[in-house]
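Position 1 is the first residue of the sequence, and the numbers go up from there.
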Amino acid sequence: MRTLCQHIFDLVQNSIRAKARSIKVLVEERVTENLFRIIIKDDGQGLTPDHLARVKDTFFTTRSRKVRNVGLGIPLMDATCQRSGGELNIDSRLRRGTTVTATMEYDNIDRPPLGDIIDLFASLLISTEENRVIWTLEHIYDGKK
């Protein structure tokens with residue numbers, strides 16, 4: 001994916017498929033600390049311990065094979081984080097929700113650009129209009145919201 005907004009959109013689709021009613025997206029840029037962080041937190045179905053252990057595997061998916069054969073959103077984000085001097089952490093509790101935290105070095109040459117965050121947020125709102133998701137969308141740049 002060319003921008004981090006594309007990664008975020010893809011990961012948020014997981015939250016929507018998990019029947020989340022509340023989704024929080026935080027993009028935090030701490031230039032002086034050389035940190036770029038994305039946190040996506042939802043109150044969806046969560047993952048079983050077995051699924052959580054396998055979720056970074058390239059061709060693992062929790063969806064029916066009739067829908068799509070692969071699940072690449074999380075493995076692609078994991079690879080992006082690793083290339084950018086960071087890591088991807090996933091905390092999930094069955095029937096309680098999931099938190100995905102992606103960290104990267106801010107000045108790493110391999111970190112993709114953020115992309116159009118306003119367009120991302122508008123797309124998220126429009127794409128979930130019928131699902132009645134409560135959104136919290138936050139962008140922090142060196143402490144300024």
**salt bridge (Lys or Arg N to Asp or Glu O under 4.0 Å) against Asp43, all qualifying residues, sequence neighbours excluded** =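 Not a single residue meets the salt bridge (Lys or Arg N to Asp or Glu O under 4.0 Å) criterion with Asp43.
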**Item:** Whichever hydrophobic residues join Ile140 through chains of side-chain contacts under 4.5 Å
**Value:**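 Besides Ile140, the cluster holds Leu26, Ile39.
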In the structure I gave you, are the side-chain heavy atoms of [X] and [Y] within less than 4.5 Å of one another anywhere?
{"X": "Arg111", "Y": "Leu4", "value": "yes"}
{"X": "Glu29", "Y": "Tyr106", "value": "yes"}
{"X": "Gln82", "Y": "Leu88", "value": "no"}
{"X": "Leu94", "Y": "Leu47", "value": "no"}

With hydrophobic residues grouped by side-chain heavy-atom distances under 4.5 Å, do [X] and [Y] end up in a single group?
{"X": "Tyr141", "Y": "Phe121", "result": "yes"}
{"X": "Val31", "Y": "Ile117", "result": "yes"}
{"X": "Trp135", "Y": "Ile38", "result": "yes"}

State which residues pass side chain to side chain donor-acceptor pair (under 3.5 Å) with [X]; sequence neighbours excluded, sorted by chain then number.
{"X": "Gln45", "value": "none"}
{"X": "Glu138", "value": "Lys145"}
{"X": "Asp91", "value": "Arg93"}
{"X": "Glu105", "value": "Asn108"}

Among residues at least two apart in sequence or on other chains, which ones pass side-chain contact (heavy atoms from CB on, under 4.5 Å) with [X]?
{"X": "Leu76", "result": "Met1, His7, Leu72"}
{"X": "Thr103", "result": "Leu35, Arg37, Glu87, Thr101"}
{"X": "Ile118", "result": "Asp116"}
{"X": "Lys144", "result": "none"}

Could you give the distance from [atom1] ([X]) to [atom2] ([Y]), rounded to the nearest 0.5 Å?
{"X": "Thr48", "Y": "Arg95", "atom1": "OG1", "atom2": "CZ", "value": "10.5 Å"}
{"X": "Ile74", "Y": "Ile90", "atom1": "CD1", "atom2": "CD1", "value": "4.0 Å"}
{"X": "Ser15", "Y": "Arg17", "atom1": "OG", "atom2": "CZ", "value": "9.0 Å"}
{"X": "Asn14", "Y": "Ile40", "atom1": "CG", "atom2": "CD1", "value": "8.5 Å"}

**Asked** Backbone N or O of Ile23 within a donor-acceptor pair of the Asp42 side chain at under 3.5 Å?
**Response**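 It does not hold such a pair.
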**Asked** Got a donor-acceptor contact below 3.5 angstrom from the Asp110 side chain to the Ser84 backbone?
**Response**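 No.
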**Request:** Answer yes if the side chains of Gln6 and Asp10 hold a donor-acceptor pair under 3.5 Å, and no otherwise.
**Result:**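 Side-chain D/A pair, Gln6 to Asp10: absent.
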